[in-house]
Visitor: 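I'd like to ask you about the structure that follows.
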Amino acid sequence: MTASRAVSCRTPLPAASRWVRLAVLAACLSVPTAGWGQAGSDAPDGAREVIVVGGDHYHPPYEFLDEDGEPAGYNVELTQAIAEVMGIEVRIELKPWSEVRRGLEQGEIDILQGMSYSEARTERFDFAPPHAIVHQSIFARRGDPVVEVEELRGREVIVQRGDIMHDYLIEHDIGAVVIPVDTHADALRALAAGQHDYALVANLPALYLSRELGLTNLVPVARPFSLRYGYAVRQGDANLLAKFSEGLAILKNTGRHQAIYDRWLGPLEGREGFPWHKVGQVGAALSALLLLVLGAIMIWNRMLKREVAARTAELRQHQQQLIQADKMASLGILVSGVAHEINNPSSLLLLNLPVLRDAYADAEPILEAHYRAHGDFPFGGLPYSRMREEIPGMIDDMEEGTRRIKRIVGDLKGFARQDGDALSEVFDLNEAVATAVRLVDNSIRQATSRFETHYARDLPPLEGNAQRIEQVVINLVLNACQALQETTQGIRLATRHDRATGRVVLEVRDEGRGIEPDAMSRLTDPFFTTRRECGGTGLGLSVSAGIVLEHQGSLAFDSRPGEGTRVTLALPAAMKAAAAPPGDGRQDSDTRRHEEQDTP
């Protein structure tokens, strides 16, 4: 009897509802079905197909049956998250690996949630982009000699039946005596008991099981392979593979994939190299101490506020300002800590991505020679003829994305400090706006085909920090782009000099959805956003308002639902310019229109 377990993402329906939905399903099957992601999204719930997802019943921490017999692990949580964001129904079945692999080949299982990639396997399976990298290690008993794969000839090597290392030893004729077992745990137990010579297994599951089973006499002596690990379907099942690939991409873009990865695999990966878990413990202790200090500060502040309120009612307005200042101080400390934690992995990415680019550049002549000699071949789950054009751009996009993260982290830290940079630079508002428009040109082109800029001539100079004003303009333009519902709706930027107030003004108008009246008073509050479900953080306008206040300026909003929004940024002219005699009040205008260009 094989150990298996299925879990469904749906709640059972009453009997009457099930009969009705079965009738609808029969009617739907009598007509051609729409492609997924189109009309299929409007079908009744009962007509949705249940996708059978297979996995290994004992391959922790990736996938396993927990103490209650329920599927658990990194792969299981990732599959459930993909099912949630894609609106599909899945049933997860965990059985011995050889059984689920055979089930996929025979059509009893639709997709495997974790299979290592190899070129030999692509003859029978299609692979989604990887969601993890699995390191394969050679484990031995303490004191046994260190060996590489080529030195396993004539040795008795334990592998999991049907696993990638089982395939590798057979396909490459290593000459080892292969001892197949059902699970990684069986392999490690046998090796720890003195049976056979080595075990060739995945590194993280082996470390996890060694700890859980108390196998302290086993150590990894070599880690010869690092393999891509992800979803796999029978060859030709492109629609199903596309669903899971799209769902995985959504999870990666929203950060949810990284959270799942860190929760299940992060602690084990930390034990392989630098002791991050110890750093985490020290950080937790410091955080606890910091929270105690913050708690004492908050208690003291509350006592002070009660005393002030008791002495005089005239100071109540100042008391409310003190409360807000206290909240912002506490928030700033917390944000600064979070920004520091984000900055470390971002720096690591910026360090390694150029190395990865150089490595691909070195490998490209070899790949090209193979391509010319043997024709197209799979590379990263896609044809090499396509991937060779995509990879440089992918690396550039990753590097730019990482730099954007660092910029955002810098903004967060600046928001926390509120001390700013020097505000003595003299600059031209038109130049700052033009620079900001160039930086977000791609976002503008994707959002609208009607983007106009009107730059007033002979604007007086401003005194402050040009880079921070550019940041404000970028936030305003991006908000305008995100408010548009169609590309035919327009955005208009215009600068002018208000001689009556001595201020230089920028107006940003969009023809988007507008803002609800009850949200207008909260637009510059930290973390307030109407786009939380789309990834908005609510920091853009809050940071912008702080920058404008530093420059002695103002930021005003005028909007009605369905009629678009107008944002007016007003900044005082530099003192020397303000002292100049006023003209006749007329201004020349440099008008520029940014129309969407055809894509080649």
Side-chain angles (χ1 to χ4, degrees), residues 60-62 72-74 77-78 131-135 137 142 202-216 218-220 223 226 252 254-302 325-353 355 398 401-419 526-527 537 539 543:
Y62 292 99
Y74 163 74
E77 186 173 348
L78 187 64
H131 55 69
I133 299 297
V134 175
H135 304 290
S137 296
R142 290 186 185 275
N203 197 57
L204 286 186
L207 292 175
Y208 181 94
L209 291 168
S210 296
R211 181 189 65 184
E212 294 297 317
L213 301 176
L215 306 179
T216 57
L218 300 183
V219 292
R223 195 166 74 177
S226 296
K252 287 184 177 180
T254 59
R256 190 171 173 184
H257 167 262
Q258 188 63 48
I260 296 172
Y261 186 96
D262 291 341
R263 181 159 50 253
W264 287 101
L265 307 182
L268 284 173
E269 287 186 338
R271 287 200 292 273
E272 296 183 75
F274 189 81
W276 292 110
H277 62 291
K278 294 183 178 179
V279 175
Q281 292 173 353
V282 174
L286 292 177
S287 298
L289 179 60
L290 179 61
L291 287 174
L292 289 176
V293 173
L294 288 175
I297 293 174
M298 293 181 67
I299 293 173
W300 181 82
N301 282 341
R302 289 181 182 275
D326 176 54
K327 289 181 179 179
M328 295 306 297
S330 301
L331 180 62
I333 294 173
L334 294 175
V335 167
S336 181
V338 172
H340 177 72
E341 293 300 323
I342 296 174
N343 211 29
N344 288 335
S346 298
S347 299
L348 183 62
L349 285 171
L350 288 175
L351 178 66
N352 290 337
L353 282 172
V355 177
M398 287 188 290
T402 306
R403 293 187 187 281
R404 184 181 177 191
I405 292 172
K406 287 189 71 69
R407 288 196 296 270
I408 293 173
V409 169
D411 293 339
L412 283 171
K413 295 173 74 173
F415 172 71
R417 287 194 303 269
Q418 291 294 325
D419 52 5
F527 302 109
T537 63
L539 282 175
V543 172

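Counting begins at 1 with the first residue of the sequence.
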Visitor: On the six-membered ring of Tyr261, is Arg263 placed so that its NZ or CZ lies under 6.0 angstrom from the centre and within 45° of the ring axis?
Guide: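 The answer is no, since Arg263 fails at least one limit relative to Tyr261.
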Visitor: Check Pro220 against Ser137 and note the closest heavy-atom contact, atom names and distance.
Guide: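 Heavy atoms only, the tightest pair is CB-CB, 4.3 Å.
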Visitor: Any chance you could lay out the side chain to side chain contact (heavy atoms under 4.5 Å, CB included) test for Leu290 and Leu294, step after step, and finish with the verdict?
Guide: CA-CA 6 Å; Leu290 179 61; Leu294 288 175; 4.2 Å; yes
Visitor: Under the side-chain hydrogen bond (donor to acceptor under 3.5 Å, both in side chains) rule, collect the residues that match up with Asn352, sequence neighbours excluded.
Guide: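 Testing Asn352 for side-chain hydrogen bond (donor to acceptor under 3.5 Å, both in side chains), a comparison that skips the adjacent residues, returns none.
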Visitor: Please enumerate all residues that pass side-chain hydrogen bond (donor to acceptor under 3.5 Å, both in side chains) together with Tyr74, with sequence neighbours excluded.
Guide: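 Tyr74 satisfies side-chain hydrogen bond (donor to acceptor under 3.5 Å, both in side chains) with His131, His257 only.
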Visitor: Please determine whether side chain to side chain contact (heavy atoms under 4.5 Å, CB included) holds for the pair Val134 and Tyr62, giving the CA-CA distance in whole Å, both sets of side-chain angles, and the decisive distance to 0.1 Å.
Guide: CA-CA 10 Å; Val134 175; Tyr62 292 99; 3.6 Å; yes
Visitor: Could you pull out all residues at least two apart from Ser287 that satisfy side-chain hydrogen bond (donor to acceptor under 3.5 Å, both in side chains)?
Guide: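 Partners of Ser287 under the side-chain hydrogen bond (donor to acceptor under 3.5 Å, both in side chains) test: none.
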Visitor: Can you sort out the partners of Leu286 under side-chain contact (heavy atoms from CB on, under 4.5 Å), two or more places apart, ordered by chain and number?
Guide: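 For Leu286, the residues satisfying side-chain contact (heavy atoms from CB on, under 4.5 Å) (neighbours in sequence not counted) are Val282.
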Visitor: Kindly indicate whether the side chain of Ile342, heavy atoms from C-beta on, has any atom under 4.5 Å from the side chain of Ile405.
Guide: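 SC-SC contact between Ile342 and Ile405 confirmed.
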Visitor: Quick one: does Arg403's side chain have a donor or acceptor within less than 3.5 Å of a partner on Leu350's backbone?
Guide: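 Not confirmed, Arg403 side chain does not pair with Leu350 backbone.
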Visitor: Is any side-chain heavy atom of Asp262 closer than 4.5 Å to a side-chain heavy atom of Gln258?
Guide: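 The answer is yes; the side chains approach within 4.5 Å.
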Visitor: Identify the two heavy atoms, one from Thr402 and one from Ser346, that lie closest to each other, and give their separation to 0.1 Å.
Guide: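 Heavy-atom minimum between the residues: CG2-O, 3.3 Å.
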Visitor: Who pairs with Val293 by side-chain contact (heavy atoms from CB on, under 4.5 Å), at least two apart in sequence or on another chain?
Guide: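 For Val293 the side-chain contact (heavy atoms from CB on, under 4.5 Å) partners, ignoring immediate neighbours, are Ile297.
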Visitor: Is any side-chain heavy atom of Asn203 closer than 4.5 Å to a side-chain heavy atom of Leu207?
Guide: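 Yes; the side chains approach each other to less than 4.5 Å.
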Visitor: Could you list the residues that satisfy side-chain hydrogen bond (donor to acceptor under 3.5 Å, both in side chains) with Arg302, not counting sequence neighbours?
Guide: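 If we apply the side-chain hydrogen bond (donor to acceptor under 3.5 Å, both in side chains) test to Arg302, skipping adjacent residues, there are no hits.
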Visitor: Taking atom CG of Leu218 and atom CG of Leu209, what is their separation to the nearest 0.5 Å?
Guide: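 Going from the CG atom of Leu218 to the CG atom of Leu209 covers 11.0 Å.
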Visitor: Looking at every non-hydrogen atom in both residues, tell me the closest pair between Pro60 and Tyr208 and how far apart they are.
Guide: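 Result for this residue pair: CB-CE2, 3.3 Å.
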